[in-house]
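See structure below.
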Amino acid sequence: MNHTAHTIEKAVKEIADEMRERADRGEVAHYIPELARVDPKHFGIVVIDDHGHVACGGDADMPFSIQSVSKVFTLTLALGRYGDRLWQRVGREPSGSAFNSIVQLEYEKGIPRNPFINAGAIAVTDMILSGHQPREALGEILRFMRFLANDHSVTIDEAVAASEQRTGFRNIALANYMKSFGVIENPADLTLGVYFHQCAIAMSCRQLATAGRYLAHNGRNPETGMSVVHPERARRINAVMLTCGHYDGSGEFAYRVGLPGKSGVGGGILAIAPGKASIAVWSPGLDANGNSHLGRIALEALTKKLGWSIFGV
Ligand code: GLU
């Protein structure tokens, strides 16, 4: 193990030990009944550096619902298919409003602010669905995740998908509202079906950190040498993650952590230290913005210890 790997491992261990003890854990997502049942005591962290060294702590191998972290990967897929034409259907500015907000959509004529708020992600999923059956679109997303995670056991938690399908009234409203502007091409219920299932993909921190490696290394997995996207595209996805990846908590995340990151209401966060590492953390309790409470605190501690903020030490 080289010196850096040793330093990372020590930092990860210290953070996992500290997070295990903390009493302030946030609130699990109650609006999706299946997620409300998850034990807030869980905490997992995995850091994979540029050499492929894996440092892990806590529940690193326990699968959780990746929820909105999936939006990074559907954006990557859709950019691969549509290129920059994608930006005609969805913007790339921070929204400054909640992940499931509908207000901006009215005065911006149904064009979502960015691909990471729910409306934007539903529009991106609709683009992936076009020309396919929902089953095929979902298969493409799942295959992509398995390929990136280098693990064919990645699967969808059907109970979570069904739970959201039953109760996702806001997302149903968002999709129908966008449909009225012609931003959604497919029948809204089919687009939503794919969207709810992509959010219900279950992955562990180890799988998620592996999947994110192309974003840390100019679009390619340094281990396999496999190119996923052009370097410029990886840089731009990171930029959108930095500015929009934590909804209206994105400014706070940049201020405290200083890395591109994407959160999900399952309590997962994928964070990218460009050129250095892909990082996944998981703690199911959320803060008021719907971002993992301890996940953010753990990442803040990690970047501080390692001097990894993109804004300086
Ligand atoms: N499936 C969730 C929803 O659409 C995703 C939200 C999130 O993870 O932030 O409400």
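Start at 1 and go down the list; that is how both ligands and their atoms are numbered.
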Original post:
Any side-chain heavy atom of Ile45 within less than 4.5 Å of one from Trp282?
Top reply: no
Original post:
Starting from atom 10 (O) of ligand 1, which protein heavy atom do you reach first, and at what distance in Å?
Top reply: Tyr31 OH, 2.6 Å
Subject >> Lys/Arg-Asp/Glu bridge criterion (N-O < 4.0 Å) met for Lys13, Glu18 >> reply: no
Original post:
For ligand 1, is there an N or O atom under 3.5 Å from any N or O atom of Val265?
Top reply: yes
Original post:
Looking only at distance, does Asn171 have an N or O less than 3.5 Å from an N or O of ligand 1?
Top reply: yes
Original post:
With the threshold set at 4.0 Å, does a side-chain nitrogen-carboxylate oxygen contact exist between Arg256 and Glu300?
Top reply: yes
**OP:** Using a cut-off of 6.0 Å, state whether more than 12 heavy atoms not belonging to Lys179 lie near its atom NZ.
**Re:** yes
Original post:
ligand 1 and Ser68, any nitrogen or oxygen pair closer than 3.5 angstrom?
Top reply: yes
Original post:
Does Glu185 pair with Arg89 as a salt bridge, N-O distance under 4.0 Å?
Top reply: yes
**OP:** Taking the six-membered ring of Phe311 (Phe, Tyr or Trp), confirm whether the NZ or CZ of Lys304 is under 6.0 Å from its centre and within 45° of its axis.
**Re:** no
Subject >> Location of contacts on Arg170 toward ligand 1, heavy atoms closer than 4.0 Å >> reply: neither
**OP:** Identify the protein heavy atom lying closest to atom 1 (N) of ligand 1, giving its residue, its atom name and the separation to 0.1 Å.
**Re:** Gln67 OE1, 2.5 Å
Original post:
What are the atoms of ligand 1, with element, lying closer than 4.0 Å to any heavy atom of Gly264?
Top reply: 8 (O)
Subject >> Test item: side-chain donor near acceptor, Glu158 and His197, under 3.5 Å >> reply: yes
Original post:
Hey, looking at atom 3 (C) of ligand 1, which of Glu164, Lys71, His246 has the closest heavy atom?
Top reply: Glu164
Subject >> Pairs involving residues 193-219, ordered by first then second residue, that meet salt bridge (Lys or Arg N to Asp or Glu O under 4.0 Å) (sequence neighbours left out) >> reply: Asp61-Arg206, Arg213-Glu223
Subject >> Student check: side-chain heavy atoms of Arg25 and His293 closer than 4.5 Å >> reply: no
Original post:
Phe196 near ligand 1, heavy-atom distance under 4.0 Å?
Top reply: no
Subject >> Contacting atoms of ligand 1, where contact means under 4.0 angstrom from a heavy atom of Cys199 >> reply: 1 (N)
**OP:** Quick one: look up the protein heavy atom nearest atom 9 (O) of ligand 1 and list residue, atom name and how far away it is.
**Re:** Tyr247 OH, 2.5 Å
Original post:
For ligand 1, is there an atom lying under 4.0 Å from some heavy atom of Asn100?
Top reply: no
Original post:
Looking at Asn118, which atoms of ligand 1 are within less than 4.0 Å of one of its heavy atoms?
Top reply: 3 (C), 4 (O), 6 (C), 10 (O)
